[in-house]
There are 2 protein chains.
Amino acid sequence: MALDNPTTQAAVTTADKVFEQMLHAIVNGTIKAGSKISEPELAKNYQISRSTLREALNRLEKCHLIERKANVGSRVVECSIAGLLEIYVVREALEGMACRQAAMNMTEDEIIEMRAMLKQHASAKALRDGISYYQEEGDLDFHYKVILGSHNQQLINILCGQLYHLVRMYRCQFGMNSPRATKAFDEHSRIIEAIADRDGELAEMLMRRHIAASRQNIEKKIALQQ
Amino acid sequence: MALDNPTTQAAVTTADKVFEQMLHAIVNGTIKAGSKISEPELAKNYQISRSTLREALNRLEKCHLIERKANVGSRVVECSIAGLLEIYVVREALEGMACRQAAMNMTEDEIIEMRAMLKQHASAKALRDGISYYQEEGDLDFHYKVILGSHNQQLINILCGQLYHLVRMYRCQFGMNSPRATKAFDEHSRIIEAIADRDGELAEMLMRRHIAASRQNIEKKIALQQ
DNA sequence: GTTTTAAAAAGTGTCGACAATTATGGCGTT
DNA sequence: AACGCCATAATTGTCGACACTTTTTAAAAC
């Protein structure tokens with residue numbers, strides 16, 4: 001499935017399942033950002049013991065979705081504009097480098113797969129009502145594939161394993177369906193071509209601009225609102 | 001203290017203390033890389049219950065120092081050349097960006113502090129026998145300060161909170177006292193000047209070259225050994 | 001002798017209870 | 001009425017025991 005994370009393995013233990021449930025709940029705001037987490041209450045809700053719940057909380061903490069203070073408890077992270085911009089800065093650096101590495105390390109098969117995916121996005125875009133699909137899951141798909149294409153486990157872990165949960169949380173809660181759909185599609189195309197040409201330097205530059213453009217788009221929006 | 005991490009708060013709970021002990025043990029190789037972790041055995045060694053130990057293991061997992069598989073157990077991460085190079089790639093991207101942000105966001109006081117630190121390193125270097133100090137803790141100090149100077153919490157968390165434990169582990173276990181001491185000192189100086197000039201673009205480029213040079217130094221060494 | 005199967009041992013996951021710490025609320029004082 | 005203090009309640013941290021999985025061991029079948 002598109003929104004499933006490439007790094008997470010199937011949830012076998014109950015703590016895993018509760019983690020996934022809470023993950024979705026936090027991402028889509030059912031568990032409110034900034035709210036305090038009551039261990040006894042949640043354990044009762046999910047019908048599990050506190051030990052199991054705490055195991056799930058530890059994984060949420062690994063994704064930086066909750067923060068814990070000793071002897072005080074856990075809170076869901078706040079969603080602030082400043083925090084969002086911070087994430088964009090990190091993404092610009094990491095995904096830019098991932099793109100450079102992808103240009104060096106992607107297999108021909110992976111490149112073919114990416115081109116096929118983009119073609120599919122293009123037809124979905126033509127359908128017009130498919131635009132929202134493209135923006136949400138399609139965009140994530142594209143970025144995932146580039147990151148995986150870097151073949152760098154550290155990059156993959158940081159980006160897919162933790163940062164992207166936060167990205168999805170912000171997208172959900174800020175309702176970000178930016179009007180950059182068409183533009184973003186063209187940018188994706190050029191990035192793939194740079195990767196296919198094995199031009200790491202260009203690929204990195206294009207990806208950085210692509211992400212920086214999204215960030216500046218948000219900065220502009222904020223400036224207008226004030 | 002130099003090697004203490006700026007992001008970790010004082011260890012109050014026993015799980016915290018065990019985490020710190022195990023952290024040091026893993027970093028310096030007392031607990032061998034790649035070895036399996038027996039919960040019952042370690043719990044007995046540290047004279048704590050398995051619950052508390054597992055809490056400590058969760059924090060080690062957050063730093064990517066151990067890896068867990070469901071119903072199987074934990075292993076200390078392996079130290080491979082490939083893994084080391086992967087980390088350098090991530091550092092080049094993240095610390096480069098951190099340096100750019102530092103040029104934008106550092107306060108004048110922080111810049112003064114950095115210059116003072118570098119002056120101290122210079123005198124230590126002049127002492128000759130201080131060289132090892134400069135290389136080990138001094139180098140980490142410099143990089144820490146730049147990262148903190150970015151004022152970007154996400155960057156700080158990823159770099160100081162998790163990646164740098166791995167870096168220290170590799171330094172310890174591979175015994176890396178690279179002969180780049182003098183060169184590195186000059187590079188540090190130029191980076192600080194770029195930050196002081198508020199030239200983010202140059203600062204990022206210099207930091208990336210600085211880290212890339214270290215990586216290439218290792219690649220060269222490896223090539224010679226083979 | 002090798003492979004398959006089954007039982008036993010060891011290890012991890014989960015639970016409920018107790019201990020230690022922090023938050024709450026009422027009381028008295030200023 | 002506002003502030004500080006103490007007792008109580010609630011929450012988090014830790015413990016030991018049990019349930020379930022995986023691994024090991026040994027026997028049985030081929």
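From a predicted model like this one, the values you see are computed outputs, not experimental measurements. Chain naming here is simple, since letters A, B, ... match the order of the sequence lines and numbering starts at 1 in each.
In this structure, A/Arg54 does not reach the C/dT14 phosphate: none of its side-chain N or O atoms is under 4.0 Å from OP1 or OP2. When the side-chain nitrogen and oxygen atoms of A/Lys69 are compared with OP1 and OP2 of D/dT11, none of them lie within a distance under 4.0 Å. Of the side-chain N and O atoms in A/Thr14, one or more sit less than 4.0 angstrom from OP1 or OP2 of C/dT14. Look at A/Thr52 and you won't find any side-chain N or O under 4.0 angstrom from OP1 or OP2 of C/dG13. Of the side-chain N and O atoms in B/Lys36, one or more sit less than 4.0 angstrom from OP1 or OP2 of C/dT12. Close to D/dT12, at under 4.0 Å from its OP1 or OP2, lies no side-chain N or O of B/Thr13. Contact check, B/Arg50 against C/dT14: no side-chain N or O comes under 4.0 Å of OP1 or OP2.
With salt bridges taken as basic N to acidic carboxylate O contacts below 4.0 Å, one links A/Glu92 and A/Arg208. Contact check on A/Glu108 versus A/Arg198 returns a salt bridge, with a Lys/Arg side-chain nitrogen under 4.0 Å from an Asp/Glu carboxylate oxygen.
Taking atom CD of residue B/Glu61 and atom P of nucleotide C/dG13, one finds them 10 Å apart after rounding to whole Å. Atom C1' of nucleotide C/dT14 and atom CD of A/Gln47 are separated by 15 Å, given to the nearest angstrom. Rounded to whole Å, the distance from CG on B/Leu57 to C1' on D/dG13 is 16 Å. Taking atom CD on A/Glu39 and atom P on C/dT21, their separation rounds to 17 Å, with Å as the unit. Distance B/Phe19 CZ to D/dT14 P: 14 Å, rounded to the nearest Å. Whole-Å rounding puts the A/Asn58 CG to C/dT14 P distance at 13 Å. The NZ atom of B/Lys44 sits 10 Å away from the P atom of C/dG11 (whole-angstrom rounding). Atom-to-atom, CZ of A/Arg68 to P of D/dT12 comes out at 10 Å; the value is rounded to the nearest Å.
In this structure a side-chain-to-backbone donor-acceptor pair under 3.5 Å is present from A/Glu86 to B/Gln153.
Ranked by how close their nearest DNA chain D nucleotide is to the 5' end, A/Gly73 and A/Ser51 are led by A/Gly73. The residue among B/Ser38 and A/Ala15 whose nearest nucleotide of DNA chain C is located toward the 5' end is B/Ser38. Nearest-nucleotide positions on DNA chain C place A/Val12 closer to the 5' end than the other of A/Val12 and A/Asn71.
Applying the salt bridge (Lys or Arg N to Asp or Glu O under 4.0 Å) test between A/Glu39 and each of A/Arg68, A/Lys44, A/Arg54 identifies A/Arg54 as the sole match.
Of the candidate nucleotides D/dT11, D/dT23, D/dC15, D/dC15 has the atom lying nearest to any side-chain atom of B/Ser49.
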Could you walk me through whether A/His165 and A/His64 satisfy the side chain to side chain donor-acceptor pair (under 3.5 Å) test, starting with their C-alpha distance in whole Å, then the side-chain angles of each, then the deciding distance to 0.1 Å, before giving a yes or no?
CA-CA 9 Å; A/His165 297 296; A/His64 296 133; over 6 Å; no
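Residue B/Ile37 is classed as a sugar-phosphate contact, given heavy-atom separations below 4.0 Å to backbone atoms only.
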